[in-house]
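A, B, ... follow the sequence lines: proteins, then strands. Residue 1 opens every chain.
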Amino acid sequence: MASRMLHTVNKSPFERNSLNSCLRLARKGSAVLLIEDGVYAAVAGTSVAERVSERMAELSFYVLGPDVAARGLGGAPLIEGFRVVDYDGFVDLVAEHDATQAWL
Amino acid sequence: MASRMLHTVNKSPFERNSLNSCLRLARKGSAVLLIEDGVYAAVAGTSVAERVSERMAELSFYVLGPDVAARGLGGAPLIEGFRVVDYDGFVDLVAEHDATQAWL
Amino acid sequence: MKLGILVNEGPFTHQASDTAYRFTEAALAKGHEIPRVFFYHDGVNNANKLSEPQSDDRNLVKLWSELGEKHGLDLVVCVAAALRRGMTDELLAAGFRISGLGQLIETGIEADRLVVFGD
Amino acid sequence: MKLGILVNEGPFTHQASDTAYRFTEAALAKGHEIPRVFFYHDGVNNANKLSEPQSDDRNLVKLWSELGEKHGLDLVVCVAAALRRGMTDELLAAGFRISGLGQLIETGIEADRLVVFGD
Amino acid sequence: MPDENEFEGEYQGGTVKRFLYVNRRAPHGTIYPHETLEMVLIAAAFDQDVTVVFLDDGVYQIKKDQDTKGIGIKNFTPAFRALDDYDVEKLYVEKESLEARGLTAEDLLVPVEVVSTEELREIMAEQDVVLGG
Amino acid sequence: MPDENEFEGEYQGGTVKRFLYVNRRAPHGTIYPHETLEMVLIAAAFDQDVTVVFLDDGVYQIKKDQDTKGIGIKNFTPAFRALDDYDVEKLYVEKESLEARGLTAEDLLVPVEVVSTEELREIMAEQDVVLGG
């Protein structure tokens, strides 16, 4: 019984509604991993940061480090509570959760 | 001197920020033509309708009829002020304006 | 009036190519001149002659070829975009040719309007 | 653990294929089994052997072929998606094969997880 | 609709998993909804436990009265009516998504269950394989 | 960077038009920003009057410190620094887009003029050919 989902989001939160929908529909206790252009939502101090912070108590948030570095955000402060993983960590997250859902 | 622009928007206003940016940056006196998935923004009574109506006095709004019909909106009431054109009308709009900008 | 056309997406995946085709057809019917249709980004896939859609759906590659032949259109596929996408001379449908991005800029300069269809 | 992979976009245009490749590589290095990599939508273009990116950029078609050969991966291109996009047997890079969409569902059933990379 | 030959070698393993299809995109502007529906039909042919949800612009996929003749694209959406023949009966639509678009259940071409965001969250959480997106 | 052979048959017509390039997308997630930059360079080689604007996620294209080694993709963004050599000097960034993303002009890898939405509106309205999007 898939009760713990890993959600991935690969779209910019400024351009698309994918992150919004993920945050609206991810059940308490599941994990959200931001990848590709999705990583912009992990940065502190943007106009979308509060929407993410609001669900920090209920969801676990991860961000893919190589995508953060690629976008010049390696030195930027992330929203408190985010954990940075690499591709190995991505694989571990998939294995540790019961199913994976990609928000495209 | 290109002073009258025709702006086209082909993205759903619910999914992307293309229409928002077009409405923010289109100068008074220019025209906006909604095509493809952009036509959803022409329908009255949605959560984005007001944003469009707010610029109705300054911009001319058009919507591509074949795309409206394809999406099952042929009978839906459109926001007041919208003019429906077909591909011929699209061509005329391009010819009548000084330049065309596609918001993708 | 001279209307240049830029197609930025492949057939089927996005409607852009359909809209561009219908716009081009309407413009020609109205007596406008289409000096060039330029295919960039995934738009280069519009020239792939191996494309075989379901029999009850439109075949955009064929439609472009036929429109090109009927009106003597210059259908140009960008070489740099085509190379990375594996769209080579041997796949080129009738009426298309591969050339440099400069041809797009030239169209922008020489046409009265450039109309962009993309995603 | 058995991890099935679904790739929904072509190389270069979207990062999805890059991410899928890197994920697959990491999963294999960790000892997981990848029973199948399935290519759907524009993902079928990952199998096009004619793809020739700039010499200083990655060649995803080759990377998938090499990873496939090294680990005996089953790289499957969806026939229906491939037909409309003109991705035929003659264009197939080493290690890829074309088959039905049922192979994706089978992967979903038999793998412990199915991971989707798309746009 | 999938070709007959898609069903060659139909799955005989006996395992039944819960397949969730997430429809979040408008029809016709892109091919994703059409090709996602093809994935639904194959999973059904494999006798899997299929659930289809419509949210965000995905609700437009099942809007009545779509007529694509003017855009020259084959209308794939009547095939949603065939889902019943494939025993795909769990179709859910998010109420919030409908309302934002000024739509109601009467505007839809197939019978669906309109559910709240909270209900949809529970339905989506209890799945094994998630496709679409 | 474009191949040398892209410049074969360089435009000799003498007409100069105002080419506007609109960058609204983030880098690396899609190829559009990279291929749009190639279009900028060719227009410059044709001695056209080129303006490049960055708004929405396009401002991320010129963020400093991008390091794409970890994602295995060639970083095309250093080529923005070459725009000056091509006499492309009119680069504008929308202030509102920067602010929404918590960025300032100091975060950018090329010298640009940061302008208000009103100013950008005027700049974008006075163009002949608009590319990007």
Measure D:A81 against the heavy atoms of chain E and call it side chain, backbone, both or neither at under 4.5 Å.
-> both
Relative to each other, are the rings of D:F117 and D:F23 parallel, tilted or perpendicular (30° and 60° limits)?
-> tilted
Could you check E:T77 against E:Q61 for side chain to side chain donor-acceptor pair (under 3.5 Å), going step by step and ending with a plain yes or no?
-> CA-CA 7 Å; E:T77 62; E:Q61 291 180 32; over 6 Å; no
D:R113, D:Q103, D:R84: which one forms the most heavy-atom pairs within less than 4.5 Å of chain E?
-> D:R84
Return the minimal non-hydrogen interatomic distance between D:V61 and D:N46, and the atom names on each side.
-> CG2-O, 3.3 Å
E:F19 versus chain D, the contacting section by heavy-atom distance below 4.5 Å = side chain
In Å, rounded to the nearest 0.5 Å, how long is the span from CD of E:E89 to CD of E:E113?
-> 12.5 Å
